[in-house]
Amino acid sequence: MSSSANGCEPTEQLSALYFHQLTAYFAELDATRSRIQMMELLADLFTKTRPEEMDEVIYLLQGRVAPLYAPIEFGVGEQLTAEVVAEGTGAALDDVHRRFSEIGDYGAVAEELIEREQGSVTVAHVFERLTEIALTEGEGSVAKKVSLLADLVRNVGKQEVRYLLRIPLGRLRLGVGDPTFMDALSFARTGSKEHRPAIERAYSICSDLATVAKDYWRAGIDGLQDIHIVVGTPVIPAASERVKTMEDLVLRLGRCAVEPKFDGIRCQVHFDGENVTMYSRHLENFSGMFPDVVAAVREQAAGHTFIADSEALAYDVETGAFLPFQMTTQRRRKHNVDEMAEKLPLRLVLFDLLYLDGVDLTRQPYTERREHMLGFLREGSVLQVTENIETDSVAAIEAFFADKIEHGLEGVMAKKLDSVYQAGRRSFDWIKMKRSYQGELSDTVDCVVLGYWYGKGARSQLGIGALLLGVYDKDRDQFVTISRLGTGYSEEEWVKIRELLDKDRAEEAPSRVEAEIAPDVWSNPTHVVEIQADEITRSPTHTCGKQNGDDMGYALRFPRVVGFVREDRSPEDATSVQEVIRLYTVQAEKGKK
DNA sequence: GTCCTCGGCAGTC
DNA sequence: ATCTGACTCATTCGG
DNA sequence: CCGAATGAGTCAGATGACTGCCGAGGAC
């Protein structure tokens, strides 16, 4: 190996990496706040990692055993982890749950219950076992997953178990993510972040960080030259930023393109002339789910190869209007695919083109990509290119926006005219604007707090993680649930609201409260909070508006608190069930246009 | 043995 | 999805 | 002219409703 790297060359044969060595790094990262120091620690770890172990280290850091787009999941969440801890440490399941509600981290719970200081398993061994767990399926698989992981628990030390259990939970919580890994790779070779853009570009178009890491490690930036956009291999999609007002939007973009924003499922379509492959926003393979779209791609794009960014939406066959998200999402399925395709046909609205007929378009400006996108499709009922306007006027954007809202759409996306397609990045090249961002344009709901849940991770320090919210049913003088709430408060406010709720603590659900879910701590209905939400949805879990046991209720989509507590309102002054239903009806009317 | 329900998980937004 | 909080980095302020 | 203060940007990790799949386990 010859290269100009400084300090990263293995000067001696590195030995196999033990899992306790890896978790020692994790513990250091855990204790480090500075991102620069975390990057340096990671760079050091990469230096000590043999090339053949790079895959394992990278995937484990990502909380996985395979690249993002591989359909390999652990199938071990919190409940099963609790069983693993009990089985692996000999503690009672009750005890495990009790400890978890206090410290909010199963890794830390297991650490408390283990004496052993250090295990003797290697990273390779742990990786192999975790892979086995992920691949286990069929009858008896749940018990087998648990016992495999419990076996590992018995063979590692205190510090190791802490991080071992966090891996399948997908909550390693080290304060590092993909961007930091990429900085660290660059830093390990160059002592600076200078190669980050090249590394990031490679990662974004092949979606496999382990491949990028190995190529880069072997040959530096030259090693990345062979990574190109390939039809069939998912590209990490570009994402948008938000602003508060239309004025801010125009200030940032000047003259820009404005497109409608659809409330469907993001879909990246690949066509190699024969095969159609589709990926979701997080690179799940959708290909088998939308046979109607696949057929349409073959027809409407015959003779071409391409990769496009799009939104898939179900629509009303009678009126042509797009259906709500809850309808579209029913098309995301493995079984009864064909029947559902007939019942709920999809439209695919293309809004960007990354590749066409052998040419990578991602580095061309928006306007040119759009030209290509408008030119290659045949007419058809499924694939269509999104409409757009070009303007630098706030008034024009507002008019366009109002029209889209009036027709039941989510809002608009504004795009910088000369911007390239920034795969894997969230940037101000694309700015989304939804109704709920503009305070006066969207309704808020006054909700009564009915109780709270203990938090996990960092929130456990606060003694609270989320609230149970209700509204008032005037007809029956009952409080019914409409949402949980986990965002909007500062840490200080979380603590304050918990203190208030503890004063009104109830040992069980108060008699005037009707709920099908139970918080960790009940509270007598006293405090009213103002909640902003994007929409009201039909709900199988919340009791607001439920007529009888098996009916659907109503709930809030994307709830967040604004302000703290409304001192001027009594619980009976909260929004009523009847008002919620009225709001839902008004919203449903718009969807029909 | 077969069918059905439900809890848990993983994914969409 | 939304949101907060910590840190980084570039720019401006003030002595 | 240089260090301190400020503010925008980046990143990570809390949390939401809802749907479908899968396996477990009860009913029959």
Side-chain angles (χ1 to χ4, degrees), chain A residues 32-39 71 73-83 104 136-145 168-180 183 193 239 241-242 262-267 280-286 289 311-312 324-337 340 410 425-428 432 434 436-437 453 455-462 464-469 482-494 531-542 552-562:
Chain A
T32 305
R33 300 234 158 186
S34 153
R35 189 151 304 288
I36 291 172
Q37 277 179 42
M38 292 194 275
M39 174 190 73
E73 318 308 329
F74 294 105
V76 179
E78 285 188 0
Q79 301 312 312
L80 294 183
T81 301
E83 289 181 30
T136 297
E137 60 180 19
E139 197 180 324
S141 62
V142 172
K144 192 176 172 200
K145 282 170 192 276
L169 286 172
R171 287 174 173 245
L172 211 37
R173 313 204 294 114
L174 300 178
V176 296
D178 291 351
T180 313
D183 279 343
K193 300 180 185 176
E241 282 287 356
R242 307 166 32 173
F262 300 100
D263 192 10
I265 300 177
R266 185 91 177 256
C267 191
S280 73
R281 185 171 142 84
H282 295 296
L283 311 188
E284 189 196 357
N285 195 322
F286 275 169
M289 299 177 185
E311 194 83 1
F325 176 73
Q326 270 175 295
M327 285 284 145
T328 301
T329 205
Q330 292 177 20
R331 286 295 311 273
R332 219 184 120 239
R333 63 194 305 130
K334 277 184 168 177
H335 305 299
N336 297 71
V337 166
M340 283 305 274
E410 231 187 348
R425 289 223 130 238
R426 180 177 300 283
S427 82
F428 283 99
K432 73 174 149 185
K434 304 203 319 196
S436 66
Y437 301 165
W453 281 271
K456 298 164 198 168
R459 284 273 174 94
S460 70
Q461 314 298 325
L462 309 178
I464 186 171
L467 302 180
L468 176 61
L469 300 178
I482 190 169
S483 181
R484 295 158 46 128
L485 176 92
T487 196
Y489 279 138
S490 66
E491 293 186 354
E492 196 184 339
E493 288 172 322
W494 277 115
I531 304 298
Q532 181 151 74
D534 274 25
E535 246 190 347
I536 292 163
T537 56
R538 297 313 306 264
S539 167
T541 48
H542 289 285
M552 290 283 267
Y554 296 85
L556 305 179
R557 179 143 89 139
F558 309 144
R560 59 266 196 195
V561 66
V562 291

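Worth saying up front: this structure is predicted, and the values here are computed from it rather than measured. Convention: sequence-line order gives letters A, B, ...; per-chain numbering from 1.
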Between A/S490 and C/dT4, is there a side-chain N or O to OP1/OP2 distance below 4.0 Å?
no
For A/R171, the salt bridge (Lys or Arg N to Asp or Glu O under 4.0 Å) test, sequence neighbours excluded, returns none
Going by the rule side chain to side chain contact (heavy atoms under 4.5 Å, CB included), which residues pair with A/R35 if we only count those two or more places apart in sequence or in a different chain?
A/M38, A/T180
Interatomic distance where NE2 belongs to A/H542 and C1' belongs to D/dG16 [whole Å]
9 Å
Counting primed atoms plus P, OP1 and OP2 as sugar-phosphate and everything else as base, spell out the protein contacts along nucleotides 22-28 of chain D at 4.0 Å heavy-atom distance: B, S or - for each nucleotide, 5' to 3'.
SSS----
Taken in chain and number order and not counting sequence neighbours, the residues that satisfy side chain to side chain contact (heavy atoms under 4.5 Å, CB included) with A/E241 are A/R426, A/F428
A/S539 side-chain N/O to D/dC18 phosphate OP1/OP2 under 4.0 Å
yes
Spatial distance of atom OG1 (A/T81) from atom CG (A/L169) [nearest 0.5 Å]:
4.0 Å
With a cut-off of less than 4.0 Å, is there a side-chain N or O of A/R459 near OP1 or OP2 of C/dC3?
no
Test of understanding: with salt bridge (Lys or Arg N to Asp or Glu O under 4.0 Å), list the residues that count as partners of A/R538, not counting sequence neighbours.
none
Heavy-atom contacts, protein to nucleotides 1-13 of chain B, under 4.0 Å, summarised as B (base), S (sugar-phosphate only) or - (none) per nt, yield -------SSSBBB
Take atom CD of A/Q532 and atom P of C/dT4, then tell me their distance rounded to the nearest Å.
11 Å
Checking the side chain of A/E535 only, and the main-chain atoms of A/R557 only, is there a donor and an acceptor separated by less than 3.5 Å?
no
I need the CD1-P distance between A/I531 and D/dA17, as an integer number of Å.
12 Å
Length of the CE-P vector between A/M552 and D/dA17, whole Å:
13 Å
Distance check needed: C/dA1 P versus A/E535 CD, whole Å only.
13 Å
Give each protein N/O atom lying under 3.5 Å from an N/O atom of nucleotides 6-8 of chain C, with the pair distance.
unit_1 : atom_1 : unit_2 : atom_2 : d
C/dC7  : O3'    : A/R35  : N      : 3.4
C/dT8  : OP1    : A/S34  : OG     : 2.8
C/dT8  : OP1    : A/R35  : N      : 3.3
C/dT8  : OP1    : A/I36  : N      : 3.3

Out of D/dC18, D/dT15, C/dT2, minimum distance to the side chain of A/A466 belongs to D/dT15
Gap between atoms CG and P, on A/L172 and D/dC11 respectively (whole Å)
19 Å
Over all strands shown, is A/R331 touching base, sugar-phosphate only, or nothing at heavy-atom distances under 4.0 angstrom?
nothing
Roughly what angle, to 10°, lies between the helix axis at the start of the helix from B/dG1-D/dC28 to B/dC13-D/dG16 and the one at its end, five pairs per end?
10°
Counting only N and O atoms by type, is there a donor-acceptor contact under 3.5 Å from the side chain of A/T32 to the main-chain atoms of A/S34?
no
Report yes or no: does A/S280 contribute a side-chain atom to a donor-acceptor pair with the main-chain N or O of A/H282 at less than 3.5 Å?
yes
Rounded distance in Å - CD (A/E241) to C1' (C/dC3)
13 Å
According to salt bridge (Lys or Arg N to Asp or Glu O under 4.0 Å), who are the partners of A/R332, at least two apart in sequence or on a separate chain?
A/E284
Considering every strand and a 4.0 Å limit on heavy-atom distances, what is the contact class for A/R426: base, sugar-phosphate, or nothing?
nothing
Test of understanding: with salt bridge (Lys or Arg N to Asp or Glu O under 4.0 Å), list the residues that count as partners of A/R560, not counting sequence neighbours.
A/D534
Sequence neighbours excluded, the answer for ring-ring contact (aromatic ring centres under 6.0 Å, His included) partners of A/F74 is none
A/R173 side-chain N/O to D/dG13 phosphate OP1/OP2 under 4.0 Å:
no
Looking at D/dT19, I'd like to know if its phosphate oxygens (OP1 or OP2) sit under 4.0 Å from a side-chain N or O belonging to A/Q326.
yes
Going by heavy atoms in the side chains, are A/M552 and A/S539 under 4.5 Å from each other?
no
Write down the distance between CG (A/L485) and C1' (D/dA17), rounded to a whole number of angstrom.
13 Å
Between A/I536 and A/L556, what is the shortest heavy-atom contact and its length?
CG1-CD2, 4.2 Å
Under 4.0 Å between a side-chain N/O of A/Y489 and OP1 or OP2 of D/dT15, yes or no?
no
Sequence neighbours excluded, which residues qualify as ring-ring contact (aromatic ring centres under 6.0 Å, His included) partners of A/W453?
none
For a 4.5 angstrom cut-off between non-hydrogen side-chain atoms, does A/F558 reach A/S436?
no
Classify A/T541 by what it touches in the nucleic acid, base, sugar-phosphate, or nothing, heavy-atom distance under 4.0 Å.
sugar-phosphate
